[in-house]
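Structure first, then comments.
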Amino acid sequence: MTDEITRLMHLLEFSDSAFPIGTFSFSNGLESAAFEGIVYDADTLEQYTRTVLQQTIYCDGIAALQAFRAAEHDDYERIQNADHQVILCKMNAEARLMLTRMGKKMAEICMQISDSPLINRWLQDIRQEKVPGTYPIAQAIWFQQNGSTEKELYAAIEYGAINMLLNAALRCVKVSHYETQAILYRLCSATASNYEMLREMGFDDMQTFAPEMDILASLHEKGKMRMFMN
């Protein structure tokens, strides 16, 4: 078993916004929301972030917990099912692109760090297009294979979703670092209760119903607002 401090260090590494899987490139529709005047200050940003978080935990969070437990029992078929369930819940193309691009990149990085046979099998299946290869499932496999707990996995998923959006907000919404850190602190305070609420849920409980988010994502495909503009 991995000791507690090592697990904590690994959690910090794989939850860091600087972890090189491309999270800085995506905003979950925030660019369009800012351009359309829906998100324009700290209060509206917090409301938007809460919605994104709800979408994330009821889809990525549930599927990742299921995949983590499947990896514990070497149930590869259930891991594949969890991966497909994530894709089925993503209504817009940008969300699917985000999760599969980040998932593949994480699997590639993990193979450079570790020689896990399960990660290697997963990466080969991604490359052969046998599985979509979504990010939360890549996280689940890696965390389980390296001695982390499912609570730590869940914390990484929540933190990553919130932090990705708030980092994007600093580039396209009139908010300060002080305001985004306050939002992060408030939202992270509910992580334990969210985990307890979701831990017994299964694939049939997965949902991402937030139509406005999908509309904004579709507008972004041909929209004018970008985090990185010359």
Under 3.5 Å, sequence neighbours excluded: what are the donor-acceptor pairs made by side chains of residues 195-205?
from, atom 1, to, atom 2, distance (Å)
Tyr195, OH, Glu150, OE2, 2.6
Asp205, OD2, Gly202, N, 2.9

Identify every side-chain donor-acceptor pair in residues 102-112 under 3.5 Å, counting partners at least two apart or on other chains, and give the distances.
none

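To the nearest 0.5 Å, the span separating CZ on Arg186 from CD1 on Ile162 amounts to 11.5 Å. Distance check, rounded to the nearest 0.5 Å: CZ of Arg69 to CG of Leu153 gives 10.0 Å. Rounding to the nearest 0.5 Å gives a distance of 11.0 Å between CE of Met9 and CG of Asp3. Expressed to the nearest 0.5 Å, how far CG of Leu30 lies from CE of Met164 amounts to 11.5 Å.
Not one N or O on the side chain of Asp16 forms a donor-acceptor pair closer than 3.5 Å with the backbone of Leu12. Judged by distance alone, the side chain of Thr134 and the main-chain N or O of Leu99 form no donor-acceptor pair under 3.5 Å. Judged by distance alone, with hydrogens and angles left aside, the side-chain atoms of Ser148 form no donor-acceptor pair with the main-chain N or O of Gln144 at under 3.5 Å.
Checked by atom type, the side-chain pair Ser32/Glu36 shows no donor-acceptor distance below 3.5 Å. Gln181 and Tyr185 are not linked by any side-chain donor-acceptor pair at a separation below 3.5 angstrom, with hydrogens and angles left out of the test. Looking at Asn81 and Gln85, their side chains do bring a donor and an acceptor atom within 3.5 Å of each other. In the model, Thr208 has no side-chain atom that pairs as donor or acceptor with a side-chain atom of Gln55 under 3.5 Å.
When side chains are defined from C-beta on, Leu170 does not count as touching Leu166, because their heavy atoms never get closer than 4.5 Å. Side-chain atoms of Tyr159 and Leu184, non-hydrogen and from C-beta on, do get closer than 4.5 Å to each other. Using a 4.5 Å heavy-atom cutoff, the side chains of Thr100 and Tyr135 are not in contact. Annotation: side chain of Val175 is not in contact with side chain of Glu46 (no heavy-atom distance under 4.5 Å).
When the side chain to side chain contact (heavy atoms under 4.5 Å, CB included) test is applied to Ser116, the partners found at least two apart in sequence or on another chain are Ser114, Leu118, Ile119, Gln145. Residues forming a side chain to side chain contact (heavy atoms under 4.5 Å, CB included) with Ala70 (at least two apart in sequence, or on another chain): Asp75, Arg78, Ile79. Take Phe19 and apply the ring pair (Phe, Tyr, Trp, His ring centres under 6.0 Å) test, not counting sequence neighbours, and it matches Phe14.
Counting all heavy atoms, side chain and backbone alike, Glu31 lies closest to Ser27 at OE1-OG, 2.8 Å. Ala63 and Val86 get closest at one heavy-atom pair: CB-CG2, 3.4 Å.
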side-chain contact (heavy atoms from CB on, under 4.5 Å) assessment of Tyr154 paired with Asn194: CA-CA 9 Å; Tyr154 183 80; Asn194 288 340; 3.2 Å; yes
After noting the C-alpha distance and the side-chain angles of Glu4 and Arg7, does the key distance pass the side-chain contact (heavy atoms from CB on, under 4.5 Å) rule? CA-CA 5 Å; Glu4 186 175 352; Arg7 292 204 323 269; 4.3 Å; yes
Take Asn92 and Arg96 through the side-chain contact (heavy atoms from CB on, under 4.5 Å) test and state the conclusion after the steps. CA-CA 7 Å; Asn92 64 80; Arg96 295 191 292 271; 5.6 Å; no
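Under 4.0 Å is where a charged nitrogen must lie from a carboxylate oxygen, and between Asp83 and Lys130 no such pair does.
For Gln207, the CD atom counts as densely surrounded, since its 6.0 Å shell holds more than 12 non-hydrogen atoms of other residues, nucleotides or ligands. Around atom CD of Gln128, more than 12 heavy atoms belonging to other residues, nucleotides or ligands sit under 6.0 Å away.
Sorted by first and then second residue, the ring pair (Phe, Tyr, Trp, His ring centres under 6.0 Å) pairs involving residues 37-86 (not counting sequence neighbours) form an empty list.
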